[in-house]
There are 4 protein chains.
Amino acid sequence: MSVAATEPTAGAGRRRAARGSARQRIVAAATELFARRGYGATSVQEIVAAAEVTKGALYHWFGSKSELLTSIYRELLAEQTQRLREIADGDAPVEERLHAAALDVVEHTAEHLAELTVWAKSAHLLDDEHAEATRRERRRYHDLFCDLVREGQQSGVVRTDVSATVITHTFLSALGNTHTWFRPGGPLSFAEVGHQLVALFVGGLRAPAGPPYRT
Amino acid sequence: MSVAATEPTAGAGRRRAARGSARQRIVAAATELFARRGYGATSVQEIVAAAEVTKGALYHWFGSKSELLTSIYRELLAEQTQRLREIADGDAPVEERLHAAALDVVEHTAEHLAELTVWAKSAHLLDDEHAEATRRERRRYHDLFCDLVREGQQSGVVRTDVSATVITHTFLSALGNTHTWFRPGGPLSFAEVGHQLVALFVGGLRAPAGPPYRT
Amino acid sequence: MSVAATEPTAGAGRRRAARGSARQRIVAAATELFARRGYGATSVQEIVAAAEVTKGALYHWFGSKSELLTSIYRELLAEQTQRLREIADGDAPVEERLHAAALDVVEHTAEHLAELTVWAKSAHLLDDEHAEATRRERRRYHDLFCDLVREGQQSGVVRTDVSATVITHTFLSALGNTHTWFRPGGPLSFAEVGHQLVALFVGGLRAPAGPPYRT
Amino acid sequence: MSVAATEPTAGAGRRRAARGSARQRIVAAATELFARRGYGATSVQEIVAAAEVTKGALYHWFGSKSELLTSIYRELLAEQTQRLREIADGDAPVEERLHAAALDVVEHTAEHLAELTVWAKSAHLLDDEHAEATRRERRRYHDLFCDLVREGQQSGVVRTDVSATVITHTFLSALGNTHTWFRPGGPLSFAEVGHQLVALFVGGLRAPAGPPYRT
DNA sequence: AATGAATGAGCGTTCATTCAT
DNA sequence: TATGAATGAACGCTCATTCAT
């Protein structure tokens with residue numbers, strides 16, 4: 001049942017001549033299909049056809065379709081959490097770490113747009129058991145980012161009239177929704193959009209000198 | 001085929017003794033179920049059971065399950081667009097109109113959290129025909145907001161180093177995603193969260209005096 | 001229930017200003033749709049849409065969809081029977097009357113290919129009550145033709161080693177099946193095909209001089 | 001997708017204890033029901049009930065109800081084509097081969113009246129894809145027969161004032177329509193009817209010595 | 001003479017999952 | 001470490017027909 005337990009080790013990988021074990025081909029095919037058509041609209045039949053395995057093989061490696069989706073997301077999330085932790089644990093001033101963290105989210109989002117799209121579209125379809133497991137990990141990531149914001153507030157470089165929670169959700173939401181409107185080939189590259197988002201985010205964080213507008 | 005054409009008029013409504021025509025009961029039941037369980041996870045059977053009508057009646061009023069979802073969203077969007085237009089067309093200074101528009105989005109979002117949740121979760125499941133129709137209307141709303149931001153940029157009250165498009169998407173995304181994290185009964189009321197979001201948004205808009213952080 | 005009883009009389013027809021009463025438009029639309037798509041694949045909804053009447057109007061004039069199909073066919077059959085009776089009752093020699101009857105079937109088939117196609121495709125779908133009624137009339141037509149063949153056999157101009165029944169069915173089947181293979185615009189016109197069919201039919205009727213082939 | 005590809009091989013058949021695999025039971029049940037009630041009037045539910053399998057099993061073997069109908073017909077047609085080819089390729093005189101071919105059609109029709117009835121009643125209900133596939137095979141059969149007729153015309157034993165195409169269609173139509181009027185237990189056995197049809201057909205083919213009737 | 005909202009049974013099809021091999 | 005036939009429940013949707021007005 002545990003994802004980690006079913007990961008093929010490097011040793012196991014070497015046993016098979018064909019690069020791309022059945023399990024890997026399943027994950028690759030599912031990621032691609034889930035991203036393109038959505039989790040709900042992709043049948044197990046289509047996944048096994050694309051991965052060139054049989055249904056039995058899929059159910060040998062994954063207990064259910066949900067577990068497959070969960071696996072994809074958890075691998076992604078684990079990587080992203082690791083990167084954030086390294087930034088947060090650095091010893092640069094907090095404003096620099098905040099800026100770096102924001103940039104990193106933008107970059108990681110750009111690199112894994114497909115997988116993240118899957119998740120954004122499909123997370124709510126999961127049954128409670130799988131949903132809970134990923135929610136906990138997602139929460140851990142959120143808290144890591146939120147702590148950084150809070151540290152900025154304590155250092156006086158981030159405004160305190162907006163809660164760290166709201167700040168974190170806002171930035172992460174804005175990033176997580178880019179898939180709904182960003183189109184490659186448009187007037188702005190993703191990198192440019194990313195930098196503007198960071199600028200907007202960071203710009204919005206400074207303590208207001210006074211009421212921003214007459215109210 | 002046209003949604004508007006099948007709306008019961010006030011006159012037609014009066015003909016029926018029962019308040020709550022079949023059509024209205026269907027819309028109410030569908031909205032509630034779609035919001036709670038998602039569009040894909042709600043069967044037509046469940047909707048008609050909740051609305052206490054037959055399947056035939058549902059398909060008399062709506063050509064398909066998709067059309068029902070589309071109807072719900074379009075009615076909502078039309079109302080929101082109308083409200084925004086009134087604010088944008090006012091003769092207050094642009095910074096006030098921007099602030100008012102942001103507040104209005106927050107308020108409308110709060111009032112219709114359920115319906116908007118439906119849309120956020122399910123829009124991507126629609127077939128092309130229905131998706132296109134609503135995308136056009138959604139786009140009109142977005143443009144209205146974006147024009148206001150652009151007007152602010154021309155007046156010098158909104159920073160110009162971030163494009164109006166990115167600003168608009170960011171704010172609307174942040175608002176449109178609150179359903180994923182906001183839980184009534186938590187430490188902050190939705191009104192408080194809303195005001196913080198507006199502050200963050202408006203605060204992020206001011207032209208930067210200099211580089212916000214050493215980079 | 002009786003078709004004759006619901007026929008609009010000439011008098012009734014004159015009462016309406018619009019040429020094309022509701023009933024007539026229904027018959028016309030149904031004939032066209034049944035011929036093109038088949039009876040089973042044509043919904044009552046489509047018929048009323050094409051005829052520009054409401055469902056209620058259709059069910060005012062026709063007790064059911066079956067009755068509508070039956071009506072169309074009976075009108076056609078009555079006309080064809082009448083024509084055959086006139087030929088059969090003539091006082092020309094039997095071989096001439098046979099030839100004329102065959103030609104007439106060909107011509108009538110050509111004129112009403114659409115309606116006859118309807119019948120060929122859909123007769124077997126009717127419920128017993130309607131099927132029985134038309135079968136009786138169809139039988140009367142068949143008998144009329146068969147009697148002519150039998151008369152030819154008694155006069156010695158038609159072979160007697162094949163029963164009149166088989167002869168009649170064969171010719172009528174061949175004609176009734178032309179819709180499956182004849183395509184307007186092909187190498188042969190329907191008139192040419194018709195003449196060849198008559199020649200083949202008539203040629204096959206002569207008493208064989210001896211065994212046609214060594215057996 | 002391909003019918004042939006899903007045929008259980010002899011080897012596969014032996015693996016299962018029960019004679020009559022699921023696939024075979026489905027085909028048998030469908031043939032019987034389609035023939036008796038027509039394709040359109042037979043539900044998938046009824047087929048699986050008669051075959052004592054589940055719907056899932058049916059859709060495992062056949063992609064759709066249409067494909068099931070198509071399969072039944074194609075197997076039949078393939079067999080009939082094979083038989084005709086053997087007759088046509090023989091080295092008897094052409095008149096004998098024509099006679100034998102006609103007899104063979106009659107016999108095969110008698111043996112498979114049920115299946116052929118299915119096809120006659122239901123072919124026009126198929127979607128384009130399936131219709132096209134069988135039309136091509138049907139066409140091949142027709143051409144085979146037609147070539148034989150044409151060979152007879154070139155040898156001078158078949159009249160040339162009627163095109164081979166018309167001759168072929170006429171005979172095959174007459175045979176293919178026997179299901180509409182032949183009732184077992186009537187005055188004539190099917191064998192007798194068959195011989196009369198062959199006699200009529202063959203008799204109609206001889207070159208006319210002169211005008212058969214005064215015209 | 002006609003309306004049109006509503007019925008309700010049934011349709012063909014899909015699908016995640018199981019299990020004997 | 002697979003295979004693939006089979007399951008069985010649910011799915012979105014259609015349709016001829018009815019009836020109060």
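Just so it is clear: chains get the letters A, B, ... in the order the sequence lines come, proteins before strands, and each one is counted from 1.
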Find the distance [X]:[atom1] to [N]:[atom2] and express it as a whole number of Å.
{"X": "C:L68", "N": "F:dT17", "atom1": "CG", "atom2": "C1'", "result": "14 Å"}
{"X": "D:F62", "N": "E:dG12", "atom1": "CZ", "atom2": "P", "result": "15 Å"}
{"X": "B:L126", "N": "F:dG12", "atom1": "CG", "atom2": "P", "result": "14 Å"}
{"X": "D:L58", "N": "E:dC11", "atom1": "CG", "atom2": "P", "result": "14 Å"}
{"X": "B:I26", "N": "E:dA5", "atom1": "CD1", "atom2": "P", "result": "12 Å"}
{"X": "B:D127", "N": "F:dC13", "atom1": "CG", "atom2": "C1'", "result": "14 Å"}

Compare all side-chain heavy atoms of [X] with those of [Y] and state whether any distance is below 4.5 angstrom.
{"X": "C:L77", "Y": "C:T134", "result": "no"}
{"X": "D:T70", "Y": "D:F62", "result": "no"}
{"X": "A:S64", "Y": "A:E129", "result": "no"}
{"X": "C:I47", "Y": "C:L68", "result": "yes"}
{"X": "C:L69", "Y": "C:L126", "result": "yes"}

Please name the pair of heavy atoms, one in B:Q45 and one in B:K55, separated by the smallest distance, quoted to 0.1 Å.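 Residues B:Q45 and B:K55, closest heavy atoms: NE2-CE, 3.2 Å.
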Indicate the atoms forming the closest heavy-atom contact of C:W61 with C:E67, along with that distance.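 Taking C:W61 first and C:E67 second, the nearest heavy atoms are O-OE2, 4.4 Å.
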Of B:G63 and A:A57, whose nearest nucleotide on DNA chain F comes first from the 5' end?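 Result of the comparison: A:A57.
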For B:K55 and D:G56, find the nucleotide of DNA chain E closest to each by heavy atoms; which residue's nucleotide sits nearer the 5' end?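 In this pair, the answer is B:K55.
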Under 4.0 Å between any heavy atoms, over every strand shown, what does D:K65 touch: base, sugar-phosphate, or nothing? Just pick one.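 Sugar-phosphate only.
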Consider the side chain of D:Y59, meaning its heavy atoms from C-beta on, and name the nucleotide among F:dA6, F:dT14, E:dT13 that approaches it most closely.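 Of all the options, the side chain of D:Y59 is nearest to E:dT13.
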Secondary-structure string, 5' to 3', Watson-Crick or G-U under 3.5 Å, | for another-strand partners, for DNA chain F: .||||||||||||||||||||
State plainly whether the residues D:E137 and D:R74 are in salt-bridge range, i.e. N to O under 4.0 Å.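 A salt bridge is present here (some side-chain N lies under 4.0 Å from a carboxylate O).
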Please table the atom pairs, donor to acceptor, closer than 3.5 Å between any side-chain atom in residues 30-40 of chain B and protein atoms at least two apart or in another chain.
residue, atom, partner, partner atom, Å
B:T31, OG1, B:V27, O, 2.8
B:E32, OE1, B:R36, NH2, 2.9
B:E32, OE2, B:R36, NE, 2.9
B:E32, OE2, B:R36, NH2, 3.3
B:R37, NH2, B:E46, OE1, 3.3
B:R37, NH2, B:E46, OE2, 2.4
B:Y39, OH, B:S66, N, 3.1
B:Y39, OH, B:S66, OG, 3.4

Please list, in numerical order, the residues of residues 39-53 of chain C that have a heavy atom closer than 4.0 Å to any atom of DNA chain E.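 Residues of residues 39-53 of chain C that come under 4.0 Å of DNA chain E do not exist, since none gets that close.
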Closer than 4.0 Å, any side-chain N/O of D:H60 to the OP1 or OP2 of F:dA6?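 Answer is no, no contact under 4.0 Å.
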Presence of B:W61 side-chain N/O under 4.0 Å of E:dG4 phosphate oxygens OP1/OP2: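 No, outside the criterion.
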